[in-house]
Amino acid sequence: MTQINTTPAPRIADYLKRLKSPWTLTLLIPVVVAILDQPNAVSVIEFAIRALLGTLPYIVFAVIMIASLKAAGAETVIAGIFKGREIRMIILAALFGGLAPFCSCEVIPFIAGLLALGTPLAPVMAFWLASPLIDPPTLLITAGALGWPFAVAKAFAAVGLGLMGGFAIKLLQSRGFFSAPLRASPVSRCGCGPDPFSGKPVWAFWNDSTRVQTFKNEFTHNALFLLKWLAFAYALEALLITYVPAPLIAGLVGGEGIMPIAIAALVGVPAYLNGFVAPPLIAGLMEQGMSSGSAMAFVIGGGVSSIPAMAAVWSLVRRQVFAAYIGLGISGAILSGVVFQLVV
């Protein structure tokens, strides 16, 4: 009797998902270039590999740092800053907003817990605005692609945006706005990590086998994640430099004045991929004529308004608070670009 195979056939959606993987797209780019423009294929591949190898030391250091923070349970330190006077909380939330080693789903219950416990919206907003912009891996990747001056300026801009947003919300709340910021529906934890409000960090994590395993898992996960996205980013940068005319970029987001900076901040909303892909792409845009102020506005505006960042805000708070988040993010991006262009 013939046995019938009951294993379900792979769905078309599964194949499409694999095709959209950064690894697949990265491999397809040189293949397509070789087919359509063979003379430039070697130069595109060489540029991407050289750029990736140049960033490799930053990748290794960033991966070790974030894995160590997760293994030690450093997120509990971040929970501790939301205590005390409101002004103190705003300042600390802006300063340390990007240091919490949360995965994307852990941010939502963390913020929900803060608001449910009665933490004022102002320091939460400061944390929310700064968090997508600065963290140890992103800072190092930005330095590797764009140099330390740009990376440090971005960190200052992130803190400044957090402070601006926090104190702006505090002022608006004193005038009667945002009295009930949280949505009515509760948000449950996603189960991807420990409760950030419980426990204490253990900095000597190598003495605990469970924490050592966490370090290994985080190291592997983040190393693959960074390599995947940076390989894709540098392949895109190679295409950008090879095929996009420099006068086009310079005419759109180059030159002096606030208009190119405002355009870059708004373009960053749909064009921004993530904090690891953006620096190589911005390096390519700057080489093609993008002004330094426009580059800063792009990276700040895109980071705040990226899909994960906006989804986290939208899922928890009312529309008025969400609108304030977007408005503060875009205006802060433009202001950061203007200041950076004046300083450099």
Side-chain angles (χ1 to χ4, degrees), residues 17-30 45-75 78 98-107 131-148 151 154-155 190-194 196 201-238 272-284 299 303 306-309:
K17 185 177 180 180
R18 293 173 187 173
L19 286 175
K20 290 189 292 185
S21 165
W23 288 123
T24 305
L25 295 174
T26 302
L27 293 174
L28 280 177
I29 286 174
I45 295 171
E46 286 181 346
F47 179 93
I49 293 176
R50 196 165 51 244
L52 182 61
L53 291 177
T55 316
L56 196 58
Y58 297 93
I59 297 174
V60 173
F61 192 78
V63 168
I64 292 174
M65 182 181 296
I66 197 68
S68 299
L69 290 173
K70 285 293 290 184
E75 57 266 36
I78 305 301
L99 298 181
F102 296 138
C103 69
S104 58
C105 61
E106 281 178 317
V107 172
S131 182
L133 300 175
I134 53 170
D135 59 58
T138 304
L139 183 68
L140 291 169
I141 298 303
T142 303
L146 297 167
W148 278 107
K154 180 189 173 186
C190 62
C192 66
V202 178
W203 301 114
F205 64 86
W206 48 86
N207 296 320
D208 185 325
S209 59
T210 302
R211 292 180 182 273
V212 169
Q213 187 60 46
T214 299
F215 174 87
K216 292 177 180 178
N217 293 340
E218 290 294 329
F219 183 92
T220 303
H221 171 76
N222 286 289
L224 292 174
F225 179 85
L226 286 176
L227 286 173
K228 172 180 67 177
W229 281 108
L230 285 172
F232 178 53
Y234 284 121
L236 291 179
E237 183 186 357
Y272 196 88
L273 294 175
N274 63 47
F276 307 112
V277 178
L281 292 182
I282 292 171
V299 76
S306 65
I307 291 175

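These figures come from a predicted structure and were not determined experimentally.
- Of all heavy-atom pairs between Thr26 and Lys228, the closest is OG1-O, 4.4 Å.
- Leu230 has its side chain within reach of Pro280: a pair of non-hydrogen atoms, C-beta onward, lies under 4.5 Å apart.
- Of the inter-residue distances, the one linking Lys70 atom NZ with Asn222 atom CG reads 9.0 Å to the nearest 0.5 angstrom.
- The structure places CG of Leu227 at 5.5 Å from CH2 of Trp23, a figure rounded to the nearest 0.5 Å.
- Atoms CD1 and OG1, from Ile282 and Thr142 in turn, are 7.5 Å apart once rounded to the nearest 0.5 Å.
- Shortest non-hydrogen contact noted between Ile64 and Phe215 is O-CE1, 3.9 Å.
- Atom CZ of Arg50 is separated from atom OG1 of Thr55 by 12.0 Å, given to the nearest 0.5 angstrom.
- Put simply, the side chain of Thr220 reaches to within 4.5 Å of the side chain of Leu224, judged on heavy atoms.
- Minimum heavy-atom separation, Ala71 to Thr214: CA-CG2, 4.0 Å.
- Once rounded to the nearest 0.5 Å, the distance linking CH2 of Trp203 with CZ of Arg211 reads 10.0 Å.
- By the 4.5 Å heavy-atom criterion applied to side chains, Leu139 and Trp148 are counted as neighbours.
- By the 4.5 Å heavy-atom criterion applied to side chains, Leu25 and Leu236 are not counted as neighbours.
- In this structure, OH on Tyr234 lies 13.5 Å from CD1 on Ile49, to the nearest 0.5 angstrom.
- Smallest separation of non-hydrogen atoms from Ala235 and Ile29: CB-CD1, 3.6 Å.
- Considering all non-hydrogen atoms of both residues, Tyr58 and Ala143 come closest at CE2-CB, 4.2 Å.
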